[in-house]
There are 2 protein chains.
Amino acid sequence: MNIGDVAARSGLPAKTIRYYEDIGLVKPLRDSNGYRAFREKEVHKLIFLGRARALGFSIEDCRALLALYEDETRASADVKRIAEQHLERIEQKIRDLNAMRATLTHLIEECAGDHRPDCPILEDLARPGGRKVAG
Amino acid sequence: MNIGDVAARSGLPAKTIRYYEDIGLVKPLRDSNGYRAFREKEVHKLIFLGRARALGFSIEDCRALLALYEDETRASADVKRIAEQHLERIEQKIRDLNAMRATLTHLIEECAGDHRPDCPILEDLARPGGRKVAG
DNA sequence: CATGGGGGTTCCAGTTGCTGGAAGGTCAAG
DNA sequence: CTTGACCTTCCAGCAACTGGAACCCCCATG
């Protein structure tokens with residue numbers, strides 16, 4: 001199977017698939033004309049990668065998950081640990097973003113948004129150091 | 001004022017301040033020895049930048065905000081619009097992350113996390129296409 | 001006066017995960 | 001035989017820094 005078909009089947013751009021080969025995530029064979037020849041195994045891996053990336057796993061996490069995926073003797077605890085660590089990072093990001101949202105929402109409410117220059121948003125940005133995040 | 005003092009006062013690493021000069025966000029003078037000579041104006045700008053970056057504004061947003069900050073004839077509506085667009089992006093990110101969190105939380109709950117290879121997390125990742133995000 | 005340490009300077013490379021584009025080889029159809 | 005859709009490689013660039021090398025500057029101490 002050529003890269004175009006694999007792109008269609010996996011939902012990943014061909015560029016991305018080449019990149020994944022570059023960094024050693026998949027190792028397709030080559031036809032005599034130099035074209036990549038993907039087997040079902042690689043297609044499955046690429047689908048796996050697409051899904052893992054969509055869940056926000058880093059490439060290095062994906063590499064580890066893929067290794068576990070292929071390892072029949074894996075312990076599910078190893079998979080779970082990676083997922084839990086990733087979840088932790090996501091939850092931290094959500095907390096950070098929620099804090100930003102709260103502050104921004106507040107500032108936007110306060111700002112008249114008219115033709116005059118007075119602006120609580122700029123006033124806040126100009127003030128150094130840790131202000132409370134909302135209120 | 002030298003870069004070290006400015007770094008201390010603004011809370012930004014010296015490296016970052018140099019980078020901000022590189023991309024034209026601040027334009028410190030130079031002493032005869034080649035050292036950057038920051039005036040209060042630049043310190044204020046850097047504090048502004050630090051705060052804006054902490055709220056997640058992109059560098060290009062920061063550039064625009066800084067221009068408005070310096071423009072006495074600005075309309076607060078222009079500031080507000082930038083902030084609102086940024087808030088929109090943040091809220092979108094939060095939605096995306098919440099979806100990931102829901103899926104991951106669910107998968108983690110399902111996974112035994114023991115020495116056996118069976119793993120609902122890997123099973124999910126291996127399945128192509130759009131699954132529902134939680135449940 | 002030499003030396004040491006703590007500033008400062010520049011420039012280059014690396015990070016993450018691709019993405020775009022140039023320049024070219026291959027192949028099936030008309 | 002040419003067109004057009006594929007495929008190939010390689011190089012550059014995005015965001016926003018960060019680390020490091022190699023170097024300069026200045027002051028204090030012995």
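Below, chains carry the letters A, B, ... as their sequence lines are ordered, and counting in each starts from 1. Computed from heavy atoms alone, side chains included, the values below leave out hydrogens, waters and symmetry copies. As the structure is a prediction and not an experimental result, all values here were calculated from the model.
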Worksheet entry | Residue closer to the 5' end of DNA chain D, R36(A) versus Y35(B) (nearest nucleotide) |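 Result: R36(A).
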Item to complete: Find which nucleotide of DNA chain C each of A37(B) and P13(A) is nearest to by heavy atoms, and output the residue with the more 5' nucleotide.
Response: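 Result: A37(B).
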Discussion item. I'd like to know if R39(B) pairs up with E42(B) as an ion pair, taking the criterion as any Lys NZ or Arg NE/NH1/NH2 lying under 4.0 Å from an Asp or Glu carboxylate oxygen.
Written reply: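 Between E42(B) and R39(B) there is a salt bridge, with a charged N closer than 4.0 Å to a carboxylate O.
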Worksheet item: Among L107(B), I108(B), T103(B), which one satisfies side chain to side chain contact (heavy atoms under 4.5 Å, CB included) with L87(A)?
Response: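 The side chain to side chain contact (heavy atoms under 4.5 Å, CB included) with L87(A) is passed solely by I108(B) among L107(B), I108(B), T103(B).
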Item to complete: With heavy atoms under 4.0 Å as the rule, sort I3(B) into base, sugar-phosphate or nothing.
Response: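 Since only primed, P, OP1 and OP2 atoms lie under 4.0 Å of I3(B), the category is sugar-phosphate.
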Practice prompt. Looking at every strand, decide which applies to R18(B) at a 4.0 Å heavy-atom threshold: base, sugar-phosphate, or nothing.
Written response: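 Base contact.
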What's the [atom1]-[atom2] distance between [X] and [N], to the nearest Å?
X: K15(A); N: dC11(D); atom1: NZ; atom2: P; answer: 13 Å
X: Y20(B); N: dC17(D); atom1: OH; atom2: C1'; answer: 8 Å
X: D22(B); N: dT18(D); atom1: CG; atom2: C1'; answer: 13 Å
X: I17(B); N: dT18(D); atom1: CD1; atom2: P; answer: 11 Å

Are any of the side-chain heavy atoms of [X] and [Y] separated by less than 4.5 Å?
X: L104(A); Y: F57(B); result: yes
X: Y69(A); Y: V79(A); result: no
X: L25(A); Y: I59(A); result: yes

Worksheet item: Do N98(B) and R101(B) have side-chain N/O donor and acceptor atoms under 3.5 Å apart?
Response: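 Short answer, yes.
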Worksheet item: Just checking, any donor-acceptor pair under 3.5 angstrom between side chains of R89(A) and Q92(A)?
Response: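 No.
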Item to complete: Could you list all the side-chain hydrogen bond (donor to acceptor under 3.5 Å, both in side chains) pairs where at least one residue sits in residues 24-36 of chain A, not counting sequence neighbours?
Response: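 Residue pairs with at least one partner in residues 24-36 of chain A: E21(A)-R30(A), E21(A)-R36(A).
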Worksheet item: To the nearest 0.5 Å, what is the distance between CE (M100(A)) and NZ (K93(B))?
Response: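 With rounding to 0.5 Å, CE (M100(A)) is 7.5 Å from NZ (K93(B)).
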Worksheet item: Picking from dT18(D), dC7(D), dT9(D), which would you name as closest to the side chain of Y19(B)?
Response: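 Among the listed nucleotides, the one closest to the side chain of Y19(B) is dT18(D).
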Discussion item. Under 4.0 Å, heavy atom to any atom of DNA chain D: which of residues 53-65 of chain A qualify?
Written reply: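 Within residues 53-65 of chain A, no residue comes under 4.0 Å of DNA chain D.
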Worksheet item: Which nucleotide span of DNA chain C, 5' end to 3' end, has atoms closer than 4.0 Å to non-hydrogen atoms of chain B?
Response: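 Listed 5' to 3', the contact boundaries are dG7(C) to dC11(C).
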